[in-house]
Amino acid sequence: MKHVKKECVAMILAGGQGARLYALTQEMAKPAVPYGGKYRLIDFPLSNCVNSGFDTVGVLTQYLPLVLNEYIGNGHPWGLDRAHGGVHVLAPYESSGGKSWYSGTANAIYQNINFVDRYNPEYVAILAGDHIYKMNYAKMLEHHKAQEADVTIAVIEVPWEEASRFGIMATDESGVITEFAEKPAEPKSNLASMGVYIYSWATLKKYLIANEKDETAKKDFGGNIIPDMLKDGCKLVAYNFDSYWKDVGTIDSLWEANMDLLNPKVPLDLYDPQWRVYSRNPVMPPHYCGESCTIENAMISEGCNIDGLVDSSILFAGVTVEQGAAVHDSIVMPGAVVKKGAVVQYAIIGEDTVIGENAKIGERPESVKDKENWGVAVVGHGVEIKKKAVVAAKAMIDK
């Protein structure tokens with residue numbers, strides 16, 4: 001079947017296990033984790049694609065894909081239910097070569113070469129499925145074309161103490177990348193890859209095939225493809241990004257990214273009508289605040305019933321906070337119930353979880369003597385915390 005030619009096809013790598021999110025990814029892939037009261041992490045790259053005019057998107061899933069697949073559906077919430085292009089969920093499958101499971105980021109794209117080739121693109125955008133940011137990929141593509149680059153890598157300056165977590169590069173005065181190191185122990189720079197790439201497809205395809213044939217290769221962009229292209233003299237160009245970006249790879253970073261939404265100084269505007277972040281609507285009635293409720297500096301989503309205290313927190317759709325209960329500095333995910341008298345503070349509460357009467361979840365940092373033992377408490381999805389139970393700071397509770 002012939003397909004309409006597309007200038008650029010986007011491929012979103014959404015198969016990550018997200019092991020450092022512990023109980024929150026026991027039942028779902030990391031890009032499906034709820035964020036910001038009404039979103040999931042995958043909403044950001046999908047919305048960026050649509051807002052940038054990229055209407056052909058492959059979402060590569062692997063680890064526990066059920067929730068993510070169901071959420072994406074036919075792509076209607078993002079305007080990606082299209083006859084020509086649209087969104088396609090691309091799970092690994094067994095081919096005539098016998099391989100199925102994606103063995104790395106480069107291998108994941110390699111296994112979907114046929115999908116990309118159906119649209120005969122000049123360029124392909126490779127995107128992470130679990131980062132929070134708003135970016136116009138069309139502007140990045142224009143930069144890529146103007147520079148006549150083989151690959152353009154979106155980069156951002158990160159704190160030096162975090163640089164070893166990322167792919168780090170050095171550039172010359174014109175922005176051409178001269179050095180690249182994947183998660184270096186002693187980084188020479190703090191210019192980090194955002195996991196957002198635009199490749200000239202013919203060049204990338206050649207390197208993907210060569211990488212797959214090399215049995216010693218890591219099958220990874222940061223580990224192989226980018227260093228090999230640099231070594232061979234390809235033109236690698238940096239695209240500087242200076243707005244909000246968050247890689248929510250840990251419990252702390254997920255909590256911080258949600259709390260950022262309550263800080264007016266943080267430049268992530270979810271209310272901008274010119275660059276909407278789309279999501280699947282749960283179709284619930286407006287939230288209800290009872291006579292005894294108190295709400296300060298909080299985001300409350302549809303379908304919530306609030307009769308207690310909510311302060312500096314984010315409540316997702318369908319959350320109940322009963323009379324006498326209190327939620328401070330916390331994230332409460334869809335369908336959770338906080339029973340009367342319970343106190344939730346500095347915590348993340350998973351979907352459909354019940355916090356029993358007079359239970360205590362989490363602790364304030366100033367109340368913990370040993371600061372190294374303080375951290376955000378996490379209660380996973382579908383858990384029932386018993387009446388008067390106590391869950392300490394930094395605890396991880398799952399089923």
Side-chain angles (χ1 to χ4, degrees), residues 12-13 16 18 20 30-31 35-36 41 44-45 47-49 51-52 105 125-144 146-147 149-199 220-223 225-227 229-230 234-270 272 275 277:
I12 300 178
L13 298 167
R20 290 179 298 166
K30 184 179 168 188
Y35 165 79
L41 300 182
F44 287 83
S47 298
N48 286 340
C49 284
N51 291 327
S52 302
T105 53
I126 312 294
L127 313 170
D130 50 15
H131 297 167
I132 298 166
Y133 65 111
K134 294 164 67 175
M135 177 189 280
N136 190 335
Y137 302 140
K139 289 185 177 180
M140 183 175 172
L141 178 57
E142 288 303 315
H143 184 75
H144 177 85
Q147 293 290 320
D150 293 300
V151 57
T152 298
I153 304 175
V155 298
I156 192 167
E157 289 188 2
V158 297
W160 276 95
E161 62 270 19
E162 295 181 19
S164 59
R165 291 176 47 214
F166 300 97
I168 296 296
M169 62 205 74
T171 64
D172 65 17
E173 62 280 355
S174 63
V176 173
I177 296 167
T178 56
E179 292 183 62
F180 179 88
E182 180 70 358
K183 298 180 180 179
E186 297 181 2
K188 298 179 181 179
S189 160
N190 68 334
L191 198 62
S193 168
M194 294 171 59
V196 176
Y197 314 105
I198 291 181
Y199 284 89
D220 185 75
F221 282 102
I225 302 294
I226 294 171
M229 292 180 72
L230 193 60
C234 292
K235 188 173 183 180
L236 284 69
V237 173
Y239 181 77
N240 291 288
F241 185 73
D242 60 1
S243 190
Y244 185 91
W245 176 77
K246 196 84 166 182
D247 175 2
V248 287
T250 64
I251 291 296
D252 286 345
S253 62
L254 176 63
W255 182 83
E256 289 165 3
N258 277 273
M259 293 300 108
D260 283 345
L261 296 175
L262 303 176
N263 183 351
K265 295 181 180 179
V266 172
L268 179 63
D269 183 6
L270 299 180
D272 181 3
W275 198 273
V277 180

Could you pull out the closest heavy-atom pair between [X] and [Y], with the gap in Å?
X	Y	answer
Pro184	Pro187	O-CD, 3.6 Å
Gly36	Leu261	CA-CD1, 3.5 Å
Pro45	Ile12	CB-CD1, 3.9 Å
Ser243	Pro267	OG-O, 3.8 Å
Thr152	Ala149	OG1-CB, 3.7 Å

Find the distance between CD1 (Ile168) and CD (Glu182) and round it off to the nearest 0.5 Å.
-> 9.0 Å

Contacts of Tyr197 meeting side-chain hydrogen bond (donor to acceptor under 3.5 Å, both in side chains) (sequence neighbours excluded), chain-then-number -> none

Apply salt bridge (Lys or Arg N to Asp or Glu O under 4.0 Å) to Lys246 and list each qualifying residue two or more places apart in sequence or on a separate chain.
-> Glu256

Check salt bridge (Lys or Arg N to Asp or Glu O under 4.0 Å) between Asp247 and all other residues, then give those that pass, not counting sequence neighbours.
-> Lys30, Arg165

[X] side chain near [Y] side chain, heavy-atom distance below 4.5 Å:
X	Y	result
Leu41	Ile132	yes
Pro227	Phe180	yes
Ile226	Ser193	no
Ile225	Tyr199	yes

Is it the case that the side chain of [X] and the backbone of [Y] share a donor-acceptor pair, with hydrogens and angles ignored and the cut-off at 3.5 Å?
X	Y	answer
Lys235	Gln147	yes
Asn48	Tyr137	no
Tyr35	Ala257	yes
Asn136	Ser52	no

Go through the steps for Asn51 and Val277 under the test side chain to side chain contact (heavy atoms under 4.5 Å, CB included), then give the verdict.
-> CA-CA 9 Å; Asn51 291 327; Val277 180; over 6 Å; no

Could you point out which residue of Lys139, Met194, His144 forms a side-chain contact (heavy atoms from CB on, under 4.5 Å) with Tyr239?
-> Lys139

Which of Val237, Leu141, Val151 passes side-chain contact (heavy atoms from CB on, under 4.5 Å) with Ile198? Answer is Leu141

Show me, pair by pair, the donor-acceptor contacts under 3.5 angstrom made by side chains of residues 169-179, not counting sequence neighbours?
unit_1, atom_1, unit_2, atom_2, d
Asp172, OD1, Ser174, N, 2.9
Asp172, OD1, Ser174, OG, 2.8
Asp172, OD1, Gly175, N, 3.1
Asp172, OD1, Val176, N, 3.0
Thr178, OG1, Ala170, O, 3.2

Would you call the rings of Trp245 and His131 parallel, tilted or perpendicular, where under 30° means parallel and over 60° means perpendicular?
-> perpendicular

For residues 258-270, which residue pairs qualify under side chain to side chain donor-acceptor pair (under 3.5 Å), counting only residues two or more places apart or in two chains?
-> Tyr244-Asp260

Under 3.5 Å, side-chain donor or acceptor atoms of residues 156-164 against the rest of the protein: list the pairs with distances, not counting sequence neighbours.
none

